[in-house]
Structure formats: C-alpha cells, structure tokens
Student: 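Pasting in a structure now, in structure tokens, and then I'll have a few things to ask.
Throughout, a chain's letter reflects where its sequence line sits, starting with A, and its residues are numbered from 1.
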There are 2 protein chains.
Amino acid sequence: MKQNSPTSASRNYHHGDLYPSLLHAATEMIAEGGTDSLSMRKLADRVGVSRTAPYHHFKDKNALLCAIAEQGFERVEKLLDEIRTKAATEQQTALFSEYVHTYIEQAYENREQYDLMFGREIWRNGVATASLQKISHQHFKSWLSWIESLCNQGFINSGDSPLRTAQVCWATLHGLCRLLNDGIYTEQSSMSQIVDSAVNMMFKP
Amino acid sequence: MKQNSPTSASRNYHHGDLYPSLLHAATEMIAEGGTDSLSMRKLADRVGVSRTAPYHHFKDKNALLCAIAEQGFERVEKLLDEIRTKAATEQQTALFSEYVHTYIEQAYENREQYDLMFGREIWRNGVATASLQKISHQHFKSWLSWIESLCNQGFINSGDSPLRTAQVCWATLHGLCRLLNDGIYTEQSSMSQIVDSAVNMMFKP
DNA sequence: GCGATATTTTGACACTGTCAAGATTGATTG
DNA sequence: CAATCAATCTTGACAGTGTCAAAATATCGC
C-alpha cells in the first residue's frame, strides 16, 4: 500500500521536506498578516501536518522566529557585499547612498522580518539563537569595515573614531527604518527625501 | 452591613477607583516583567477584581496599552518643555545635548513603555487611540519647533529644511533608543560616548 | 423607597504554546 | 530479506490567553 516516490512531498506520514517547508510558510505568513498572526498551530495546518510536528524541527516558537530573522541578515549581508564590490574609488559616496536607500526599501518590504531581526521579542533577555547572534555580529563587522574605509578615504569625517561613527550612522539608518515600519513616518513618498537628508548629514563637507 | 467609607478602595463590590488602579498596576507590571507578561487576567487579579472588570474601563487590551503609552508621551513632553525654558541663548547646544542624554536615559529606564509609545503593536494598522495620536503629534511639533529655532540661530546647519533636519535627528535619537532598549547596544557604559558622538554629528561646525 | 444606571461577576468559547505517550516510517544492520 | 533502531509524526492533554453575553450588585437622582 506504499505510495509512489519516497522523497516526493505527498500526503504521506513522513513529510520528507518539513524543515524548509515550515520556514518558507512561516515567512510567508508573517509577511501576509504580521508576526502576531503566526501561530505554531496555523503554521502546521498550512503545511498540512499536525500541531506538534514543527517541534521536531524547531525547539521553540522562538527558535523558528530566530531562523526567519537569520534569513533577513543573510539578505542584507549579501546586499552590502554586492554594493561594496562595485566600488570604483570615485563613486563611493553614491554607492553608499544607494545602499542606504536599498536597505530601507528592503526593510520596508520585509517589515515583519526586520522587526524580528532587531525587535525586542528575540534580543531581549538573550533568547537569540547562537547562529543568529553570529551572523548579526558578522554583519555589523562588515558595516563597520565599510564605514572605516570611508572614513580613511576622507568621505566621512565625523571627528570621532570610526567605531563611534559606524554606531551613530547605523542608529540613524535603523531609526529611519523603525519609524517607517512602525507607521510613524507614514508618507512613504517623502521618505526618499528624508533618507537623502540623512546621507547628507553623514557626508559633511 | 455596609462597610465604612464609600470612596475607600476596600474589598467592596464597587472598587471605586478602578481606572487609575488598573493603569498604575499595568504600568508596574510591564516595567517588572515586560509587556508580554501583562495579561488582562493577571492585571485584574493584582488589583483584586474579576477577570472582565477592566473591560468596563478599557475597551480593549489595546486601549490599555495606548493609555500607558500616553503617559510616556506626557513625560517626554514635560522634559522637553522644562529644558527649553531653561535656554539662555548661550548654552543652547549644551541644553540640547542634555535633552538627548536624558531622553535616552528615560527611554531605557522605561523600556517597555517606550516600546509601546513607538512599537508596532500599537501604531501598525492604525489601532492607536485618538488621544494617543493627538499627544504624540503634539510632541513631534514641539520637537520640530525646537529644531527650527536651533536652525534659525545657526546652531544646526544641515543645509536642509528644518523639517527634514528634525526628522533625521529624531530618527537618530530613536534609533539609539531602540538599539539600546532591544539589547543590541548592550554596553551601557559606552552609550554616553555614542550619544555625544551623535550630538556632534548634528552640530556640525 | 424606587427605578435607572453604572459597575462588577460568573460562565462560556475559541484560541494559544508546548509537554508526554503512542503510532508510523525509512534507514541500518545482521 | 527480516529485525531492530532512530527519526519523524500524531493524538491527547493542560494551563493560559482575550473577550463576549447574561446575570448580579451597588450607587445615584428622584
């Protein structure tokens, strides 16, 4: 009474592909209806599996959220790498501006994921997965390294150490994302101008 | 069989002082154990009243959270007023720096409330109470007015309009608060230096 | 004192995360 | 090929959640 292909994700007892399916479906769900609308049970339902099946692949709901956040860090890390390698010495400031714009756009397009990446539910009280901690620290190092080189080349001269500069610039970037994502800066049309203004404040003459 | 004083908050059927009691207890609870640890039922328990009693004073759990957030806005508005009125023309930049430092300290001391003031749970999807919307908009106007006067006096010259300047500066301030509150900038010791660095970037020479 | 009104309670429902025990399968041996 | 084992999935259960409806109780204006 065996079905046909063993590795096909059919309606068998063993799903065979559950981990990635869960991750994919969960990411979809939070993108559609917000993080609050994601419940382990509805997720299991959506994937066509029983309530507690996901617990064999994610220790917790928290672990699942961490995994989603991780994907977000992978995306921004990739973005940063791509833009940095484009850098011909001249257009560095233009590329930096492009990065900031793109970063904010992506944060807005993936609001809920961005919220997981930096929001309180994960980082508070140290419940972040080890691998999530690793990739996020790695990403800040990449950012710092970029700011450092921009400082050394004289594009940014804040009068402070590159570390402090990187921290403040990131705070600005992050603050813009949050105000946009949380619906406080609602007119997305003017957002682009605000971002330009922010970049100008970083590259002081 | 009547108890003694009618308005005393004793163990009567009518609590007599429920609204402020709820607000107070709720604020305490989120300060102690985070917003997630606040449930309507535990709150009712704490105040010594039945599960659904709070629903006659707050339409929703959301309405309760909005009320807590409102108190936060009242506090920062008061802070801004106090510091601005101290302004002798000379020490304006020092006062601004003091405001920023204090703002961030207060945001950290009332982390959970700050989260409610700007976090997704309230502002997303327009679930903010009318009065909460009012007081928060009012506060941004105060901030804008201050930045405007600082621009006019030449303390800040970002080369952009005061509105854009106010938006970007607020984003920086807010971003620092979030990174600190969400446990991403963990070393609170270096926070003060980061804030100084941020203020320096706003007051460019 | 009486009725209207405001306040509080009890009961109920659907939903949540997650643990423990059992069922089913695919892979690994002998 | 048959038997064992570990991985995977399911069913049952429990305590906790927000919130609605109906009933109970107190306070206030007359």
Side-chain angles (χ1 to χ4, degrees), chain A residues 1-23 25-26 29-30 33-68 116 121-122 124-125 127 129, chain B residues 1-23 25-26 29-30 33-68 116 121-122 124-125 127 129:
Chain A
M1 228 69 83
K2 194 196 252 184
Q3 303 281 80
N4 38 16
S5 155
T7 50
S8 94
S10 39
R11 234 116 281 104
N12 289 347
Y13 192 95
H14 278 57
H15 183 285
D17 225 19
L18 194 48
Y19 183 92
S21 296
L22 287 170
L23 205 49
M29 287 174 77
I30 70 164
T35 302
D36 290 343
S37 83
L38 170 65
S39 86
M40 294 299 266
R41 297 168 106 109
K42 279 191 280 199
L43 171 62
D45 238 42
R46 176 125 154 190
V47 179
V49 92
S50 98
R51 286 154 284 157
T52 59
Y55 283 88
H56 291 91
H57 300 270
F58 299 95
K59 170 183 169 291
D60 253 346
K61 184 178 188 181
N62 183 70
L64 171 63
L65 297 179
C66 283
I68 298 174
L116 286 176
E121 17 220 342
I122 286 181
R124 196 79 53 88
N125 298 352
V127 286
T129 292
Chain B
M1 227 69 84
K2 193 196 249 184
Q3 302 282 79
N4 37 17
S5 154
T7 51
S8 92
S10 40
R11 232 117 282 103
N12 289 348
Y13 192 93
H14 277 58
H15 183 284
D17 224 18
L18 195 47
Y19 182 92
S21 296
L22 288 170
L23 204 50
M29 286 174 78
I30 69 165
T35 302
D36 290 345
S37 83
L38 170 65
S39 87
M40 294 299 266
R41 296 168 107 109
K42 279 191 280 198
L43 171 62
D45 239 42
R46 177 125 152 191
V47 177
V49 94
S50 98
R51 285 155 285 156
T52 59
Y55 283 88
H56 294 264
H57 300 270
F58 300 94
K59 172 182 168 290
D60 254 344
K61 183 178 189 181
N62 183 70
L64 171 64
L65 297 180
C66 283
I68 298 174
L116 286 177
E121 19 219 343
I122 285 182
R124 195 82 50 89
N125 298 353
V127 286
T129 291

Student: So which pairs with a foot in residues 33-50 of chain A pass salt bridge (Lys or Arg N to Asp or Glu O under 4.0 Å), sequence neighbours left out?
Tutor: E28(A)-R46(A), E32(A)-R46(A), D36(A)-R120(B)

Student: Suppose we screen for side chain to side chain donor-acceptor pair (under 3.5 Å). Which residues come up paired with T35(A), at least two apart in sequence or across chains?
Tutor: E112(A)

Student: Which pairs, with at least one residue in residues 52-66 of chain A and sequence neighbours excluded, count as a salt bridge (Lys or Arg N to Asp or Glu O under 4.0 Å)?
Tutor: none

Student: N/O contacts under 3.5 Å, protein versus nucleotides 17-19 of chain D?
Tutor:
{"from": "dT17(D)", "atom 1": "OP1", "to": "S39(B)", "atom 2": "OG", "distance (Å)": "3.0"}
{"from": "dG18(D)", "atom 1": "OP1", "to": "M40(B)", "atom 2": "N", "distance (Å)": "3.1"}
{"from": "dG18(D)", "atom 1": "OP1", "to": "K61(B)", "atom 2": "NZ", "distance (Å)": "3.1"}
{"from": "dG18(D)", "atom 1": "OP2", "to": "M40(B)", "atom 2": "N", "distance (Å)": "3.0"}
{"from": "dG18(D)", "atom 1": "N7", "to": "R41(B)", "atom 2": "NH1", "distance (Å)": "2.4"}
{"from": "dG18(D)", "atom 1": "O6", "to": "R41(B)", "atom 2": "NH1", "distance (Å)": "2.7"}
{"from": "dT19(D)", "atom 1": "OP1", "to": "D60(B)", "atom 2": "OD1", "distance (Å)": "3.1"}
{"from": "dT19(D)", "atom 1": "OP2", "to": "Y55(B)", "atom 2": "OH", "distance (Å)": "3.0"}
{"from": "dT19(D)", "atom 1": "OP2", "to": "K61(B)", "atom 2": "N", "distance (Å)": "3.0"}
{"from": "dT19(D)", "atom 1": "O4", "to": "R41(B)", "atom 2": "NH1", "distance (Å)": "3.2"}

Student: What's the CG-P distance between D17(A) and dG26(C), to the nearest Å?
Tutor: 15 Å

Student: Expressed as a whole number of angstroms, how long is the span from H56(A):NE2 to dT24(C):P?
Tutor: 15 Å

Student: CG of D45(B) versus P of dT9(C): gap in Å, rounded?
Tutor: 11 Å

Student: F58(B) CZ to dT7(C) P: how many Å, rounded?
Tutor: 13 Å

Student: By side chain to side chain donor-acceptor pair (under 3.5 Å), which residues pair with S21(A), not counting sequence neighbours?
Tutor: none

Student: Does H57(A) place a side-chain N or O at less than 4.0 Å from the phosphate oxygens OP1/OP2 of dA7(D)?
Tutor: no

Student: Students often mix this up, so state it plainly: with edges at 30° and 60°, are the rings of Y19(B) and F58(B) parallel, tilted or perpendicular?
Tutor: parallel

Student: Kindly write out the residues that satisfy ring pair (Phe, Tyr, Trp, His ring centres under 6.0 Å) with Y55(B), not counting sequence neighbours, or none if the list is empty.
Tutor: none

